[in-house]
Amino acid sequence: MTTQQGTSGESGTGTGAGTGTGAGAAGGNGAAGAAGSGAGEGTPWYGDPAHKELVEGKGFKSIGDVITWGSNAEKLIGLDRAGRTVVLPKDANDAEGIKAFRAKMGVPDKVEGYELPVPQGQDPALSKAAAQWFLDAGVPAAAAKQITENWNKHIETMVTASMEQERLASQADLEKLKGEWGNDFQQKSEFARRFLKASGWDDAKVNLYEKTFGTANMLKDFHQWGSKVAEHGFEKGGNESGFTPQKQQIQAQIDALRTKRLANQVSDSDFHAEMQRLGPLLEAAA
């Protein structure tokens with residue numbers, strides 16, 4: 001009996017183990033089936049039937065394909081880039097797409113959004129026009145400001161260099177005139193300036209002429225004209241100009257001609273030609 005019980009026990013044990021293993025296997029296969037099929041019979045493996053078009057369009061065959069696709073998408077876009085992505089417009093006719101793209105790039109919707117810097121003393125009209133150009137071209141506000149600042153610095157440098165070049169040229173002409181006039185330079189220079197004062201020119205007008213034509217040309221011009229119309233005492237340092245009423249009429253014509261020349265209403269050659277005509281008339285006037 002002992003032997004039979006042992007055999008019977010082993011047999012029972014084997015049967016129980018076999019039954020248990022079968023149940024476990026059946027349960028395992030059932031779970032795998034449920035995971036693979038999604039939510040049960042009649043439901044596709046990807047769950048919601050609404051995803052069918054996406055799944056078929058992407059060529060997904062299993063949940064693994066979906067995971068791989070999602071992982072690659074996250075690498076491309078990245079969670080840290082959320083809200084910072086830019087979508088290009090479909091084409092040149094995609095008005096809404098272009099508007100959204102420009103907004104993302106920092107392009108203002110109005111010219112006032114640029115707030116371009118205006119150099120001191122300059123007309124702000126140019127900056128307003130430039131803002132319109134930037135807006136039409138879709139230039140971001142930050143880029144437009146940087147371009148404008150660099151442009152202003154460039155122009156300022158050019159103007160400064162030009163003024164320095166003119167100053168050096170004027171100084172060279174003045175040194176040349178000093179050599180021509182020699183010891184008479186101071187006397188002739190003073191005479192030219194006194195003639196301008198006697199003609200009714202104020203300091204502002206004299207300075208404008210000097211700035212436009214240079215100091216040397218100013219002194220030569222007005223010394224020449226003054227020497228033709230002034231009386232001997234005035235040229236030698238007297239206080240009276242010797243202008244008669246008739247001379248004053250001719251002088252008025254000369255003053256008007258000078259004003260036109262400063263305003264660039266007559267050419268330099270025409271100005272000198274007319275002065276050559278009026279000078280002798282003024283000198284001979286009674």
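- Listed by first and then second residue, the side-chain hydrogen bond (donor to acceptor under 3.5 Å, both in side chains) pairs involving residues 138-161 amount to none (not counting sequence neighbours).
- Note that NE2 of H272 and CG of L257 are 10.0 Å apart. Values are rounded to the nearest 0.5 Å.
- Nearest heavy atoms, N93 versus D91: N-OD1, 2.8 Å.
- Between G214 and S170, the shortest heavy-atom distance links the atoms CA-OG, 4.0 Å.
- Closest approach of W45 to I63, counting heavy atoms only: CZ3-N, 3.2 Å.
- Looking at heavy atoms from C-beta onward, F185 lies out of side-chain contact with E180 at the 4.5 angstrom threshold.
- Applying the salt bridge (charged side-chain N to carboxylate O under 4.0 Å, His left out) criterion to E53, with sequence neighbours excluded, gives no partner residue.
- Connection of L208 to I254 is established within a shared hydrophobic cluster, with ILVMFWY side chains joined at heavy-atom distances below 4.5 Å, either directly or through further cluster members.
- Residues that satisfy the side-chain hydrogen bond (donor to acceptor under 3.5 Å, both in side chains) test with H51, not counting sequence neighbours, are absent from this structure.
- With rounding to the nearest 0.5 angstrom, the CD atom of E164 is 4.0 Å from the CZ atom of R167.
- Inter-residue side-chain proximity for T259 and K205 is flagged as met; some heavy-atom pair is nearer than 4.5 Å.
- If you take CD on E210 and CE on M218, they are separated by 4.0 Å, rounding to the nearest 0.5 Å.
- Every residue two or more places apart in sequence or in another chain was checked for a side-chain hydrogen bond (donor to acceptor under 3.5 Å, both in side chains) with D184, and none qualifies.
- Residues K99 and K104 fail the side-chain proximity criterion, which asks for heavy atoms closer than 4.5 Å.
- Residues that satisfy the salt bridge (charged side-chain N to carboxylate O under 4.0 Å, His left out) test with R258, not counting sequence neighbours, are D255.
- Sorted pairs that involve residues 107-119 and meet side-chain hydrogen bond (donor to acceptor under 3.5 Å, both in side chains), not counting sequence neighbours, are lacking altogether.
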Please tabulate, one pair per line, all N/O donor-acceptor pairs under 3.5 Å involving side-chain atoms of residues 117-138, not counting sequence neighbours.
| residue | atom | partner | partner atom | Å |
| --- | --- | --- | --- | --- |
| D123 | OD1 | A125 | N | 3.0 |
| Q132 | NE2 | D136 | OD1 | 2.9 |

Per-pair distances, 0.1 Å, donor-acceptor, side chain in residues 64-71, under 3.5 Å, sequence neighbours excluded:
| residue | atom | partner | partner atom | Å |
| --- | --- | --- | --- | --- |
| D65 | OD2 | K61 | N | 2.7 |
| D65 | OD2 | S62 | N | 3.3 |
| T68 | OG1 | G64 | O | 3.0 |

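- Judged as a ring-ring contact (aromatic ring centres under 6.0 Å, His included), and not counting sequence neighbours, the contacts of F213 are Y209.
- With rounding to the nearest 0.5 Å, the separation of CD in E96 from CD1 in I98 is 10.0 Å.
- By the side-chain hydrogen bond (donor to acceptor under 3.5 Å, both in side chains) test, Q171 is found to be paired with E175, residues two or more places apart in sequence or in another chain being considered.
- In this structure, Q186 and W181 have side chains that are not in contact, with every pair of non-hydrogen atoms separated by 4.5 Å or more.
- The distance from atom CG of D173 to atom CG of L168, rounded to the nearest 0.5 Å, is 11.0 Å.
- In this structure, NZ on K90 lies 16.0 Å from CZ on F101, to the nearest 0.5 angstrom.
- Across all non-hydrogen atoms, the minimal contact from L219 to S189 is CD1-OG, 3.6 Å.
- Checked against side-chain hydrogen bond (donor to acceptor under 3.5 Å, both in side chains), N264 has the following partners two or more places apart in sequence or in another chain: R261.
- Every residue two or more places apart in sequence or in another chain was checked for a salt bridge (charged side-chain N to carboxylate O under 4.0 Å, His left out) with R193, and none qualifies.
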